[in-house]
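Data block below; observations after.
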Amino acid sequence: MATIVEPRLPRGMRDTLPGKMIQRRYVIGVIERVFERFGFEPLQTPVLELEQTLTGKYGPDAEKLIYNARHRQGKEDLALRYDLSVPLSRVVAMNPELLKPFKRYQIAPVWRAERPQKGRYREFYQCDADIVGTSSMLADAEIIAMIFAILNELGFRQFVTKLNNRKVLTALGEYSGVSPVLLGGLYRALDKLDKIGREGVRDEMLQNQIPAETVEKILDLIALPVDNPDAWAERLQDYPRGVEGINELKALVQFARGMGVSTERLQIDLTMVRGLEYYTGPIFETVVTEPKIGSLTGGGRYDGLIGLFSKNSLPATGTSLGIERIIDVMDELKMYPSDLGTTVVQVFVTVFDGERRAASLAVAMDLRAAGIDTQVWFDLDGLGKQLKYAAARGIPYVIIIGPDEAAANIVTLRNLATGEQQQIARTEIVKIMREKLAQA
RNA sequence: GUGGGAUUAGCUCAAUGGUAGAGCACCGCACUGUGGAUGCGGUGGUUGUGGGUUCAAGACCCAUAUCCCACCCCA
């Protein structure tokens, strides 16, 4: 007798049962349609990459979270992908013949060995859309406009996309005169401004070994409104990078407006920082305010990443939507369309008894041939049990064929939601079912 | 990776260190040609896992796993 293995999942990983899968498929479907509406095309890449493909791209903190993999006898060091941007960059470098601008989307799982929490998992799907081969801010604006289209279509009303530019942060570093090794600490403190306030940022910077004099200089700078690029441009006028970053942001906002993005949902925040090391230009992040769940989307421009795989570097920009968090929020706020059922099955055909089984199977196969999702009962059980099952599954219609129906060459069609029943001719079943399902 | 909380039936939760319970769900019967209503009855547990203390542990101690919360970071 074999011992039973306790069924368990690895930490931070989950199964998705059919009921949830239907909701998930709906969300992914919306995202895919919008991606394609904006002219992006699908791409698929392997779950595993060579370890060297991933290392040195994300920064030391993020790199610790990469899952390594190797076959028992394998010679290559492999790793589970950490995001979809680095694999994209690898693909672009390997396929120089791809027409530019190259616009692709990819919806696929990525793995990060973080400590799990709500909205944070070790295996999760990212939905990425990126544009490779142009430096135009119009591309960044198109990404933003697309994020808005997706979130709107999913029913989100309370969200805001924050914008900043790495070039501004770089200039801020130059302005502060802080040594490069301390820059990380400076940025991290800065990023928390809206959370911990000026005093908090001061404490944090001092704790991060940043000289008091420098801290005051930074505090003085961030006393300027974080959403006022002109004020910052004036202050940073001696730092051409910063001015350039601010001009890019202004162009980006203007283009986005031109694409119908409402201004109150776009928020320039010159203190926002994003962790991944490869960003070089505009960076963006969308957050919802009601359930506190972190960011729903994150992205930015990474003009140097492809250059790590090819002599011919290419500018690129894009975003990632976090479908797990989107789904967690939609669950909490019950945002799914009311007609999204709990099953794909549209009709359930009961089996009355052994004698009538053949008739039921024939009806079921006719329905299936007509493209209607149909289930039949396998065992010889009472109608009560079968109806109970169909109702519990959320199947909308049930067909009953007993001796009376068989004799009259009809079937009984029952609507499980209303309890309504009608008799229909055997030959009319497909036609009538099609009509019923089309109305719903 | 750091700190805290939780873990008891399928689900939500009880049980002064002394015989593990309730509601819902499930199954059966009243109702062998019809689910959701009502009534009655029933199944269901190595109390997350492994050790320890004790005459006795669901409870106390240690370890460990998972989930949740706050950091860190992020989708």
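Atom NZ in A:K162 sits roughly 14 Å away from atom C1' in B:C74 (whole-Å rounding). In this structure, A:R8 places its CZ atom 12 Å from P of B:U49, rounding to the nearest Å. The CZ atom of A:R11 sits 10 Å away from the C1' atom of B:G1 (whole-angstrom rounding).
Within residues 271-279 of chain A, the residues that have a heavy atom under 4.0 Å from RNA chain B are, in order of number, A:R274, A:G275, A:L276. Near RNA chain B, defined here as any heavy-atom distance below 4.0 Å, the residues from residues 111-128 of chain A are A:R112, A:E114, A:R115, A:P116, A:Q117, A:K118, A:G119, A:R120, A:Y121, A:F124, A:Q126, listed numerically.
In this pair, A:Y389 and A:F348 present their aromatic rings tilted. The plane angle is within the 30 to 60° band. Between A:Y105 and A:F35, the two ring planes are tilted [angle within 30° to 60°].
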For nucleotides 7-9 of chain B, print each protein N/O atom paired with a nucleotide N/O atom at under 3.5 Å, atom names and distance only.
none

Contacts under 3.5 Å, N or O only, protein and nucleotides 29-39 of chain B:
{"from": "B:G33", "atom 1": "O6", "to": "A:D404", "atom 2": "N", "distance (Å)": "2.8"}
{"from": "B:G33", "atom 1": "O6", "to": "A:D404", "atom 2": "OD1", "distance (Å)": "3.0"}
{"from": "B:G33", "atom 1": "O6", "to": "A:D404", "atom 2": "OD2", "distance (Å)": "2.6"}
{"from": "B:G33", "atom 1": "N1", "to": "A:E405", "atom 2": "OE1", "distance (Å)": "2.6"}
{"from": "B:G33", "atom 1": "N1", "to": "A:E405", "atom 2": "OE2", "distance (Å)": "3.2"}
{"from": "B:G33", "atom 1": "N2", "to": "A:E405", "atom 2": "OE1", "distance (Å)": "3.4"}
{"from": "B:G33", "atom 1": "N2", "to": "A:E405", "atom 2": "OE2", "distance (Å)": "2.4"}
{"from": "B:U34", "atom 1": "O2", "to": "A:R414", "atom 2": "NE", "distance (Å)": "3.4"}
{"from": "B:U34", "atom 1": "O2", "to": "A:R414", "atom 2": "NH1", "distance (Å)": "3.2"}
{"from": "B:U34", "atom 1": "O2", "to": "A:Q421", "atom 2": "OE1", "distance (Å)": "2.9"}
{"from": "B:U34", "atom 1": "N3", "to": "A:Q421", "atom 2": "OE1", "distance (Å)": "2.7"}
{"from": "B:U34", "atom 1": "N3", "to": "A:Q421", "atom 2": "NE2", "distance (Å)": "3.4"}
{"from": "B:U34", "atom 1": "O4", "to": "A:Q421", "atom 2": "NE2", "distance (Å)": "3.3"}
{"from": "B:G35", "atom 1": "O4'", "to": "A:K388", "atom 2": "N", "distance (Å)": "3.4"}
{"from": "B:G35", "atom 1": "N7", "to": "A:R414", "atom 2": "NH2", "distance (Å)": "2.7"}
{"from": "B:G35", "atom 1": "O6", "to": "A:R414", "atom 2": "NE", "distance (Å)": "3.2"}
{"from": "B:G35", "atom 1": "O6", "to": "A:R414", "atom 2": "NH2", "distance (Å)": "2.4"}
{"from": "B:G35", "atom 1": "N1", "to": "A:L416", "atom 2": "O", "distance (Å)": "2.5"}
{"from": "B:G35", "atom 1": "N2", "to": "A:L416", "atom 2": "O", "distance (Å)": "2.6"}
{"from": "B:G36", "atom 1": "O6", "to": "A:R414", "atom 2": "NH2", "distance (Å)": "3.3"}
{"from": "B:G36", "atom 1": "N2", "to": "A:L416", "atom 2": "O", "distance (Å)": "3.4"}
{"from": "B:G36", "atom 1": "N2", "to": "A:A417", "atom 2": "O", "distance (Å)": "3.3"}

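Comparing A:L321 and A:P10 by the nucleotide of RNA chain B whose heavy atom lies nearest to each, the residue mapping closer to the 5' end is A:P10.
Applying the side-chain hydrogen bond (donor to acceptor under 3.5 Å, both in side chains) definition to pairs two or more places apart or across chains, those involving residues 59-68 of chain A are A:E51-A:N68. For the salt bridge (Lys or Arg N to Asp or Glu O under 4.0 Å) condition, no pair includes a residue of residues 389-407 of chain A, sequence neighbours left out.
Scored by the side chain to side chain contact (heavy atoms under 4.5 Å, CB included) test, A:Q158 finds A:T289, A:E290 as partners (sequence neighbours excluded). By the side chain to side chain contact (heavy atoms under 4.5 Å, CB included) test, A:K431 is found to be paired with A:E428, A:E435, residues two or more places apart in sequence or in another chain being considered. Listed by chain and number, the residues in a side-chain hydrogen bond (donor to acceptor under 3.5 Å, both in side chains) with A:D140 are A:R301, A:T317 (sequence neighbours excluded). In this structure A:E264 satisfies the side chain to side chain contact (heavy atoms under 4.5 Å, CB included) test together with A:S262, sequence neighbours excluded. A:R115 pairs by the side chain to side chain contact (heavy atoms under 4.5 Å, CB included) definition with A:R11, not counting sequence neighbours.
A:R325 comes within contact range of at least one nucleobase, with a heavy-atom separation under 4.0 Å. The residue A:T350 sits apart from the nucleic acid: no heavy atom pair falls under 4.0 Å.
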Worksheet item: Given the rule in the side-chain contact (heavy atoms from CB on, under 4.5 Å) test, do A:Y82 and A:Y58 qualify, once you have shown the distances and angles that lead to the verdict?
Response: CA-CA 9 Å; A:Y82 179 88; A:Y58 303 107; 3.5 Å; yes
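Base pairing in RNA chain B yields stems of at least 3 consecutive Watson-Crick or G-U pairs, both distances under 3.5 Å, namely B:1-7 with B:65-71, B:10-13 with B:21-24, B:26-30 with B:38-42, B:48-52 with B:60-64.
A cation-pi contact, defined as under 6.0 Å to the ring centre and within 45° of the axis, is absent between A:K57 and A:Y278.
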